[in-house]
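Data block below; observations after.
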Amino acid sequence: MGLRIKNFLYKAVQYIVSHRYTIYLAIPFLLMDIVTRAFGYQIEYFPVFYPAPNIFTLIWIFLFLGIVTSLKGIGSKIAYWILFTIFFVLFLTNTIYYTLTSFYFSFNLVLMAGEGHAYIWDTIIHANPIIYLSAVIILIIAVTVSRKAPVKHTFRPKRLCFIFLIFVVLHLLAPLCLGFANSQLKWSSFKNPRNIYNSYSDSNKSMRVSGLYEYSLRNFYITFLKPKDTISAEDKEFLDKIYTGEDKKQKDRYTGIFKDKNVIFLQLEGIDDWLLTEETMPNLYGLMKNSINFKDHYSIYTGGGSTFNSEFAVNTGFTTPISYTENVYTLNTNTFDDTMAKLFKKEGYTVNAFHMNSSGFYSRGINYKVWGYDNYFGLKDLGGYESLEYELDRELILNKTFYTNMFQQDGKFVDYIITYTPHTPFTTNKEVGKLVAELKYGKDNVPDLSEEDSARLMAGETDYMVELLIQALKDNDLYDNTVIVAYADHYLYTIKDKSILDKNKNTLGNLINHTPFFIWSSDIPSEDVNEVTMQMNILPTVLNLFGIDYNSNYYLGTNALAEDYQGIAFFNDYSWYDGDVYVSNNEILNDGNISDRKMQQTSQLVNDIIRKNDLTLKYDYFKTMKQ
């Protein structure tokens, strides 16, 4: 046995030595891939040394060199340089684009090339010089190994076919290295490498799991060659009728009352009704009591990430697909021309988002760019924190970079602020709950609070952030010229002891999704709005208040302050609530009354709204409108 192993190793070494120039040809390709992924070292996902991307890269290099070494004479040299040139250009494109935008290049950008062609030369000039140093080294190596590689005197078609066969088998097996995709909608799907590979909607994560060659070719296939889902004639007619229909919005007494003011969208993590009290959150409660307060508001809950679902709804006017499985953070290749950010920017506003988490979480960096934001700022991306202090909501205001970009920018602005601290687990024994408790009680005096009291303590941290926010507006002479649109992303479903919810709110079916929503400005009288609202009403309502022109057909919800507004909240099981009755499966579950005819009409309306949402997103209908 020992002799056999020795002979095998001897033959293997002989083979490598005799084919060393062929192996040398692989070096430039390996370097281009490694350097490309290394430039994305700030992406906290899939390190360069993980097996999967390197396996993809080796499989593709195997094919490239198999082609080159199977061709005759000068043909092999030409093939090598064609392959090298293609990927050398892609190597430069990806590294230059990443260093300037923090995103890898995607071929869908080619479809928008006209929007940025004037900046291409300036982009190339000001790229990181390390890119060009790496490029020169790789090019020198390629020239050297190409010259030394022996020229084949015969064309070997059988060998070429065999190489293609091996490549196909290996390529089919390679994705298994990424594990298996989630079969159901889960908030954490954006972390699953197989989900990322299947959807290819996040260019940064896709590059990290695939490597340069698999990423480039798969991205090209998905962008230009993959057969698109075809909408049926019936479904297209349904959407055409909606989007070409009359824009029925009308001016009312609220239209333009905030015109040219600044606006802060304050998305509150887990701030349920029972937390927003004068005792627990005096600052936020004070704002609510002096605002336009939408008292019957609902935040639709989905298993695909309710926090980001609210971001998606407020920014686009749509929600997570209900009739098919798709996380909304994968929809960043869809066309959204009427987002909150894009409409405000047309009015001369700068628009920035602020959160504690990194741009890679929920692919926020890419999504916010698609929606039209100038920047997405994440405390984790900024660094400088030695512990979990970045999870304290106060840091959203106290951080100098955040403060400057929130309150000291030129001209009109929109700040989209997403809080975090009231996040599971609700305990003072660990994580951010312990940190908040130490700040209040002292490091050695932290009490072991109940889950409910811990949640209230953590909500108090958000309230302290609101106090700092109001003070910052005053300090920068913005208090009387800034509107705050405040709403919760979801009810506190993350709390373990559900009896706490039973004690503090109505938990009948989806009515448990009741959450706060109000709009504050220093110069308006307080007013209660009792009609039902949900996340999709926020955008058209705010646009009307700021006098910004929009097409009401382009959103699911309508202006909740309109004189003819008829509120309704729907949920992902097709149940609905109109302020009087809560209906599920054509059955009234509360004490309300409604005629059979009215119930059927409303159920049909809900079905049509969900159908509009899902078809628009699935078939990227807004893109077809542009064509």
Side-chain angles (χ1 to χ4, degrees), residues 43-46 102-109 111-112 175 178-210 214-215 218-224 226-229 231 300-337 339 341 353 355 357-373 376 418 489 535 556 572 610 613-624:
I43 303 170
E44 295 180 351
Y45 192 80
F46 242 65
S102 297
F103 299 107
Y104 285 113
F105 171 79
S106 175
F107 281 106
N108 63 26
L109 295 169
L111 304 177
M112 301 181 290
L178 298 170
F180 296 94
N182 299 129
S183 58
Q184 296 179 337
L185 196 66
K186 292 185 177 181
W187 73 269
S188 58
S189 293
F190 75 95
K191 295 182 177 181
N192 184 322
R194 189 61 179 271
N195 281 91
I196 290 165
Y197 180 81
N198 289 348
S199 69
Y200 248 54
S201 60
D202 186 318
S203 59
N204 284 356
K205 292 189 178 75
S206 298
M207 175 68 82
R208 300 292 284 186
V209 303
S210 304
E214 178 69 9
Y215 172 78
R218 182 169 171 78
N219 182 257
F220 183 89
Y221 166 75
I222 289 175
T223 305
F224 299 113
K226 183 180 179 181
K228 307 297 183 185
D229 290 332
I231 189 170
I300 188 170
Y301 168 80
T302 72
S306 291
T307 295
F308 190 81
N309 181 69
S310 286
E311 295 165 57
F312 185 81
V314 173
N315 279 283
T316 70
F318 288 81
T319 189
T320 300
I322 291 173
S323 64
Y324 71 98
T325 301
E326 183 82 24
N327 282 313
V328 289
Y329 47 75
T330 68
L331 296 174
N332 50 63
T333 57
N334 279 31
T335 299
F336 297 106
D337 287 336
T339 62
H355 187 36
N357 225 327
S358 65
S359 60
F361 205 90
Y362 288 138
S363 298
R364 279 191 175 100
I366 292 174
N367 278 287
Y368 277 83
K369 182 179 181 182
V370 168
W371 297 340
Y373 279 72
Y376 170 84
I418 309 163
D489 55 353
Q535 293 118 309
L556 297 188
N572 61 359
I610 293 173
N613 179 76
D614 291 9
L615 290 176
T616 300
L617 298 178
K618 185 174 185 178
Y619 297 106
D620 194 8
Y621 184 83
F622 289 131
K623 181 179 180 180
T624 67

>> Checking the side chain of D620 only, and the main-chain atoms of T335 only, is there a donor and an acceptor separated by less than 3.5 Å?
In response: yes
>> Under a plain distance cut-off of 3.5 Å, with no hydrogens placed, do T307 and D489 share a side-chain donor-acceptor pair?
In response: yes
>> Please report the interatomic distance CD(E311) to OH(Y329), rounded to the nearest 0.5 Å.
In response: 12.0 Å
> Between N192 and F180, is there a donor-acceptor pair closer than 3.5 Å when you use the side chain of the first and the backbone of the second?
Replying inline: yes
> Checking side chain to side chain contact (heavy atoms under 4.5 Å, CB included) for the pair I418/R364: CA distance, chi angles, key distance, verdict?
Replying inline: CA-CA 12 Å; I418 309 163; R364 279 191 175 100; 4.2 Å; yes
> Can you tell me how far CG of L178 sits from CD1 of I196, rounded to the nearest 0.5 angstrom?
Replying inline: 9.0 Å
>> Evaluate F336 against F312 for side chain to side chain contact (heavy atoms under 4.5 Å, CB included), listing each step before the verdict.
In response: CA-CA 11 Å; F336 297 106; F312 185 81; 3.8 Å; yes
>> What verdict does the side chain to side chain contact (heavy atoms under 4.5 Å, CB included) test give for F622 and T316, after you've listed the backbone C-alpha separation in whole Å, the side-chain angles of each residue and the deciding distance to 0.1 Å?
In response: CA-CA 12 Å; F622 289 131; T316 70; over 6 Å; no
> How far does OH of Y619 sit from OG1 of T624, to the nearest 0.5 angstrom?
Replying inline: 12.0 Å
> Is a side-chain N or O of K205 found less than 3.5 angstrom from the main chain of G360, in a donor-acceptor match?
Replying inline: yes
> Which one of Y200, Y197, Y215 satisfies the side chain to side chain donor-acceptor pair (under 3.5 Å) criterion with S210?
Replying inline: Y200
>> Using 0.5 Å steps for rounding, measure from the CG atom of N219 to the OG1 atom of T333.
In response: 10.0 Å
> Y362 vs F308 aromatic rings, parallel, tilted or perpendicular, using cut-offs 30° and 60°?
Replying inline: tilted
> Which residues pass the salt bridge (Lys or Arg N to Asp or Glu O under 4.0 Å) test with E214, sequence neighbours left out?
Replying inline: none
>> With rounding to the nearest 0.5 angstrom, report the CG to OG distance, N572 to S323.
In response: 11.5 Å
>> Can you confirm whether or not the ring centre of F105 sits under 6.0 Å from the ring centre of F107?
In response: yes
>> Looking at F103, I'd like to know if the NZ or CZ of K369 sits under 6.0 Å from its six-membered ring centre while staying within 45 degrees of the ring's axis.
In response: no
> To the nearest 0.5 Å, how far apart are CG in N367 and CG in N332?
Replying inline: 4.5 Å
>> If only side-chain N and O atoms count, and only distance matters, is there a donor-acceptor pair under 3.5 Å linking N309 with T319?
In response: yes
> Hey, do the aromatic rings of F224 and Y221 have their centres closer than 6.0 Å?
Replying inline: no
